[in-house]
Amino acid sequence: MIYLKTDDEIALLRQSNLLVGKTLAEVAKNIKPGVTTKQLDAVAEEFIRDHGAIPTFKGFPNPYGSPFPASICTSVNEQVVHGVPNNVPLRDGDILSVDCGTLLNGFCGDSAYTFCVGEVLEEIKTLLRVTKEALYKGIEQAVHGKRVGDIGFAVEQHCLSHHYGIVREFVGHGIGRAMHEEPQIPNYGKKGTGIMLKKGMCIAIEPMVTLGDRKLVMHSDKWTVSTYDRKPAAHFEHTVAVGMGKADILSSFEFIEEVLGDKAI
């Protein structure tokens with residue numbers, strides 16, 4: 001079932017999503033060679049709880065294994081999504097996708113950003129830039145009267161024009177009181193197909209894009225997913241409310257990019 005949100009509910013969703021953006025900015029302050037993703041997870045969890053919220057990822061159930069053990073997903077280089085924070089130091093030239101979720105005042109926030117660690121190859125920076133552009137092209141389609149396929153088509157076409165792979169096994173989703181609600185929002189599709197978008201629908205759009213082949217492999221932890229060819233992947237995500245003529249972006253990259261300055265993608 002798809003739940004349309006009232007203006008008051010969207011305002012509460014915005015609060016939770018802005019907290020996610022601020023949390024990612026706090027994490028960004030600490031991303032550098034030598035830091036571990038487990039240290040970044042501790043920063044995120046403390047920040048979320050200090051602001052009266054709950055990290056929704058921690059303890060999230062897994063039908064194939066143990067619940068998720070951390071407050072953020074940290075996916076390095078060829079890891080696409082759901083990377084589990086660990087004690088391996090980040091290295092100069094790595095990229096790091098950080099996905100974060102919060103529960104505040106009964107509503108969920110969800111957003112992701114892929115960061116450069118030190119000096120990153122220009123080819124990989126371009127992957128990040130194109131993936132982020134694809135996110136906003138998808139958001140442009142999140143308006144009343146369009147269809148889910150219009151979002152996926154916009155994301156896919158932009159990435160295919162750069163000869164990148166589009167992950168199909170993992171998709172965006174509805175969001176509200178639960179982190180994952182209907183409908184699913186794939187990053188591929190055909191114009192004019194799929195569920196019709198209506199004002200008040202709140203969705204997370206999250207392109208996952210690979211430098212090489214789109215085929216994936218699951219790690220033994222039953223969470224971390226990597227590219228089969230071990231080439232890098234990028235992931236950017238915003239939560240948006242479908243609007244009349246224009247989507248309303250409820251999450252924010254502004255806090256992150258204030259921290260990154262001229263190093264922002």
Side-chain angles (χ1 to χ4, degrees), residues 24 27 31 33-41 44 57-58 60-101 110-132 134-135 152 155-156 159-160 162-173 180 184-188 204-237 265:
L24 290 172
V27 170
I31 294 175
V35 169
T36 71
T37 52
K38 207 159 191 177
Q39 289 173 314
L40 298 177
D41 179 62
F57 292 3
K58 193 159 192 177
F60 196 83
N62 184 345
Y64 309 107
S66 302
F68 195 74
S71 297
I72 53 174
C73 297
T74 52
S75 306
V76 181
N77 296 332
E78 73 273 12
Q79 296 174 1
V80 182
V81 284
H82 305 157
V84 177
N86 58 39
N87 289 313
V88 179
L90 294 170
R91 299 170 300 175
D92 187 67
D94 284 344
I95 56 171
L96 171 66
S97 163
V98 182
D99 194 354
C100 179
D110 192 7
S111 183
Y113 197 95
T114 303
F115 298 91
C116 294
V117 183
E119 295 300 319
V120 172
L121 292 174
E122 195 60 40
E123 178 186 37
I124 300 175
K125 285 184 182 178
T126 301
L127 170 68
L128 270 56
R129 192 173 301 115
V130 170
T131 304
K132 186 180 173 189
L135 168 62
V155 171
E156 182 180 30
C159 295
L160 290 181
H162 290 79
H163 309 290
Y164 295 147
I166 307 293
V167 170
R168 288 174 172 250
E169 292 82 356
F170 298 91
V171 298
H173 50 88
H180 293 151
Q184 292 190 345
I185 310 294
N187 295 304
Y188 60 93
I205 302 173
E206 49 179 320
M208 290 157 268
V209 182
T210 66
L211 187 62
D213 195 276
R214 69 175 181 84
K215 289 189 291 186
L216 306 177
V217 61
M218 175 78 75
H219 291 220
S220 60
D221 62 16
K222 303 300 182 184
W223 280 108
T224 309
V225 175
S226 290
T227 56
Y228 184 80
D229 60 12
R230 299 183 65 84
K231 290 188 177 180
H235 177 208
F236 288 84
E237 177 183 17
I265 293 299

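For Glu156, the salt bridge (Lys or Arg N to Asp or Glu O under 4.0 Å) test picks out Arg168, with sequence neighbours left out. A search for ring-ring contact (aromatic ring centres under 6.0 Å, His included) contacts involving Phe68 returns Trp223, not counting sequence neighbours. Residues satisfying the ring-ring contact (aromatic ring centres under 6.0 Å, His included) test with His219, not counting sequence neighbours, are none. Residues forming a side chain to side chain donor-acceptor pair (under 3.5 Å) with Asp221 (at least two apart in sequence, or on another chain): Thr224. By the side chain to side chain donor-acceptor pair (under 3.5 Å) test, Asp110 is found to be paired with His173, residues two or more places apart in sequence or in another chain being considered. The side chain to side chain donor-acceptor pair (under 3.5 Å) test applied to Thr36 returns Gln39, not counting sequence neighbours. In this view, Lys58 and Glu45, Arg49, Pro55, Ser71 satisfy the side-chain contact (heavy atoms from CB on, under 4.5 Å) rule, not counting sequence neighbours. Glu169 meets the side-chain contact (heavy atoms from CB on, under 4.5 Å) test with Val167, Arg214, Leu216; sequence neighbours excluded.
Residue pairs that meet the side chain to side chain donor-acceptor pair (under 3.5 Å) test with at least one member in residues 73-90, sequence neighbours left out, are Thr37-Asn86, Asn77-Asp94, Glu78-Arg230. The stretch residues 60-76 participates, sequence neighbours left out, in no salt bridge (Lys or Arg N to Asp or Glu O under 4.0 Å) pair at all.
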Can you list, pair by pair, the side-chain donor-acceptor contacts under 3.5 Å of residues 112-124, counting residues two or more places apart and other chains?
unit_1, atom_1, unit_2, atom_2, d
Tyr113, OH, Glu257, OE2, 3.1
Thr114, OG1, His235, N, 2.9
Thr114, OG1, His235, O, 2.7

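Tyr164 OH to Thr126 OG1: the interatomic distance, rounded to the nearest 0.5 Å, is 5.5 Å.
Asp213 contributes no side-chain N or O that, together with a main-chain N or O of Asp229, makes up a donor-acceptor pair within less than 3.5 Å.
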